[in-house]
2 protein chains.
Amino acid sequence: MKPPIKTLWWEGESLFLIDQRKLPEKEEVIEIKNVKEVWKAIKELKVRGAPAIGCTGAYGVVISSLNIKTKNYEKFIEKLKKDIEYLKTSRPTAYNLFFALERMEKLIENFKEKNIEKLKKEILKEAEKIYLEDLESCYKIGLYGSDLIKENMNILTHCNAGGLATTGYGTALSVFFVAKEKGKNFHVFVDETRPVLQGARLTAWELEKTKIPYTLICDNMAGYLMSQGKIDMIIVGADRIAMNGDTANKIGTYSLAVLAKYHKVDFYVAAPFSTFDPFIKIGKEIPVEERNPDEVRKIKGKYISPKSAPVYNPAFDITPGKLIKGIITEKGIITPPYSTNIKKFLSQ
Amino acid sequence: MKPPIKTLWWEGESLFLIDQRKLPEKEEVIEIKNVKEVWKAIKELKVRGAPAIGCTGAYGVVISSLNIKTKNYEKFIEKLKKDIEYLKTSRPTAYNLFFALERMEKLIENFKEKNIEKLKKEILKEAEKIYLEDLESCYKIGLYGSDLIKENMNILTHCNAGGLATTGYGTALSVFFVAKEKGKNFHVFVDETRPVLQGARLTAWELEKTKIPYTLICDNMAGYLMSQGKIDMIIVGADRIAMNGDTANKIGTYSLAVLAKYHKVDFYVAAPFSTFDPFIKIGKEIPVEERNPDEVRKIKGKYISPKSAPVYNPAFDITPGKLIKGIITEKGIITPPYSTNIKKFLSQ
C-alpha cells in the first residue's frame, strides 16, 4: 500500500513533509528534526487537512522523544508532556490533532516499564499505527468507491478531498487513485473551488502527479457540463456528516448536489467513519463557519473587488441526505434510508 | 435622464471615457482627441461592452471629422472614410461597432449639401443620437424591471450587465438603478463571475458608486443562499436570445437558472431588442465560444493551478426559455410562451 501522494513520511530519525503552501508552483520537501519546526509546520499551514495534521502531531511526539537527552525517567516524561501541550497550541480547532496527541498521552501514561529507550520505540510504533490506520481506511474508501467507476466515465469532484489532506490516499480522490491502480479508464473534472482554490491548486496537482486525466473548470461551469451530458457522476469529501446523512462540506457542494438531481447525475460523498458525528441528528445543527472576507476580495494577495466590498463567505454548506445517492466509507457504501443505515454501519 | 454611471460622454470637442481596465482600483478618466486614441481605447479594452463600444466608434467618427483640416469636400470625405475603415479594425467581432460605423457611413453618403461644416454638425448629431438611443432603451428596461422589485427584496445578479457595458444605465443593473431612483429599498447579491470576475470588479464597483446595498459572493455560494431563503429574485443580462427564449449569457447563468427553479426563485433576463436574433430559432444553434485557458489558470497575472492544467473555458452557456420567468425589454416584459410572444413584441 504505497500512497499515491507522499504527503508526509518518517525516515531515519526525521519527519519529511511536502510544503503545501508552495503547491502547485513548487514541490518542496521539508525535513523536520525538532518540535518547534513541527509546531511551525502545522501553524503555518505547511501541512493541512485534519488527518494529515493528526499524523504530523503524532510524529511530533516521536521527534520530541528523540530530542530529550536526560536519562532520568521522570524528567523525560515531564519534558515530553510539555512538548505535547505545546504541540496542541499549533492549531486550536483541529480535532484530529488533539485526538492523536491524546492517544500519545494515554500510551505514555499506560507505559509501566519506566525504560526510556523502550518507551521511545513504543511512541514511534504508535505514530506509525496512526499513520497506517489513516492510510488503510482511505485505501478502503477507494476500494469500495472505485467499483462505481465504469469505463470512460467523467467524474466531477470539488475542493481537495485528496492525498494531501490525509496520509496520501485521500477520501474522494482515493476512489480515483484505486480505480487507476485497478486499470480503469476515466476522466475527472476538477472544480477550482473558490475562494481558497483547493481544487485548482491541490486536486489538479495530485491528478497531474498521478497521471489521471483531468480538466480544470470554474465552479460555475459544472451545471452547463451536466446539461451537455458530460458528467456521469460526482464524488466529494465531507467535513461532518449528521446521523440522517445531511453532509457539511466545502461551500459549493450543495449547488452541485441540486444540479446533479436536476440532471439525474449520481452524487456520492466519500468519508471515513470519523466524519460521522453521533451527536448531530440533522444538518441544521451543524454550525457553518464564516471566514475572513478578504478570502473573497483578494486572490494571491491582490484585490479583485473594491477593497471594502461587503462579503458573505461561508466556509461550507449543508447538503441534505436526500440529494446523496450513497456515502462511501471504509466499510462499504451506505445508502438511504440514512437514519437507519448509518447507525447500522457505525455499529458493525 | 442623467446616467448613473458615467461610462463615456462628449464634452467640448473631446470624448471622455473611464478606463475600465483600471477598475475597481482606480477611476481614471481619459480625454480622447484623435482617431488613433479612439482605436487604442477599443483595442486595449479601456472601453468594453457592445453598446459602449458602438458609441465610442460613433464618437470616433466625430473626432475624425474635427481633425481633418482640408477645405476640399472630396478630400474631406476620402479621409473620413479611411478613418472609419481604420476604426472598424479595432475589434473585429464587435457587432455594435460595425452597426454604429455603418450608420455613420450611410449618413455621409446621404448628405448632399457638400458643406464640410454642416456635415460635421450632422455627424455629431448622429453620434449623440446613437448615444441617447442606448441610454433611453436601457432606462426603459429599468422602468419596466423595477416594477418587479418589492420592498426589502434580495436580488442576485451575475456578471456585469451594467452601466459600464452601455452608455450608463446597463440592462440588468438598470433595473436596480431605476428602482433606487424610485426610492425602493432592496439589496443585491453579486456573483463574482469567474473566470474574468466582471461581478467582483465591475458590478460591485457600480453598486458601490450608486450607493445600492450589495454583498459580494463567490459563484458557488448562490445555491446555499437560495436554500436559506435569502434570495427572492434573480436578474441577469443576455448576449444573444433565440426566438424561443433560450438565452446565451455569461457562463454560470444556466446553473443559477436551475438552482432558481429548484428553490422556486423567479429568474429574469434583462435585454434590449437588439439582443434577440431573428435568425436563431433555438438555443442549440447559438455557437458557444471557448476562450483562452489562461483565463482560468491565472488571476491578475498569477497562476492559481499547475501551469499546464488542461482547462475547459466556455465564455457563456445557454439557459432554456422554460427556466426564465420573463425577459425585461425596453417595450415591456415578455413572458412565456416565448415562441409566440417574442415575435409579437418585436413586431410592435
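Chain A is the first sequence line, chain B the second, and so forth, proteins listed ahead of strands; every chain is numbered from 1.
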Interchain contact, [X] with chain B, by part (heavy-atom threshold 4.5 Å):
{"X": "T319(A)", "result": "neither"}
{"X": "D219(A)", "result": "side chain"}
{"X": "Y312(A)", "result": "both"}
{"X": "K298(A)", "result": "neither"}
{"X": "P310(A)", "result": "both"}

Taking the side chain as every heavy atom from C-beta outward, state whether [X] and [Y] have any pair of such atoms under 4.5 Å apart.
{"X": "H263(A)", "Y": "I231(A)", "answer": "no"}
{"X": "I217(A)", "Y": "Y224(A)", "answer": "no"}
{"X": "Y338(B)", "Y": "D246(B)", "answer": "no"}
{"X": "P306(A)", "Y": "Y214(B)", "answer": "yes"}
{"X": "D232(A)", "Y": "F186(A)", "answer": "no"}
{"X": "F177(B)", "Y": "E206(B)", "answer": "yes"}
{"X": "K26(A)", "Y": "D19(A)", "answer": "no"}
{"X": "D277(A)", "Y": "E285(A)", "answer": "no"}

[X] portion near chain A, given a 4.5 angstrom heavy-atom threshold:
{"X": "Q228(B)", "value": "side chain"}
{"X": "V288(B)", "value": "side chain"}
{"X": "K209(B)", "value": "neither"}
{"X": "I299(B)", "value": "side chain"}

Checklist line | V190(B): which of L202(B), L216(B), L156(B) passes side-chain contact (heavy atoms from CB on, under 4.5 Å) | finding: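 The option that passes is L216(B).
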Checklist line | Residues in residues 249-261 of chain B that sit under 4.5 Å from chain A, counting heavy atoms only | finding: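 Answer by number: I251(B), G252(B), Y254(B), S255(B), V258(B), L259(B).
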Counting heavy-atom pairs under 4.5 Å to chain A, which of [options] comes out on top?
{"options": "I304(B), D317(B), V311(B)", "answer": "I304(B)"}
{"options": "L23(B), T193(B), D191(B), L225(B)", "answer": "L225(B)"}
{"options": "A200(B), P320(B), A204(B), P314(B)", "answer": "A200(B)"}
{"options": "E192(B), K302(B), R201(B)", "answer": "E192(B)"}

Check: Given the options R297(A), R194(A), E295(A), which has more heavy-atom pairs under 4.5 Å with chain B than any of the others?
Finding: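 Heavy-atom pairs under 4.5 Å are most numerous for R194(A).
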Next item on the list: Please determine, among P293(A), S308(A), G301(A), G223(A), the option with the most heavy-atom pairs under 4.5 Å with chain B.
Entry: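 The option with the most such pairs is G223(A).
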Note to self: Checking N185(A) against E151(A): is there a side-chain donor and acceptor pair closer than 3.5 Å?
What the structure shows: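 A pair is found: one side chain offers a donor N or O, the other an acceptor, under 3.5 Å apart.
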Next item on the list: Assess the side chains of N160(B) and T203(B): does a donor N or O sit below 3.5 Å from an acceptor N or O?
Entry: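 On atom types as modelled, these side chains qualify, holding a pair under 3.5 Å.
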Check: Is atom NZ of K184(B) surrounded by more than 12 heavy atoms (other residues, nucleotides or ligands) closer than 6.0 Å?
Finding: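 It does: K184(B) NZ has more than 12 such atoms within range.
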Notebook entry, point to check: For the atom pair CZ (R48(A)) and CZ (R21(A)), what is the distance rounded to the nearest 0.5 Å?
Noted result: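 Interatomic distance, R48(A) CZ to R21(A) CZ, rounded to 0.5 Å: 13.5 Å.
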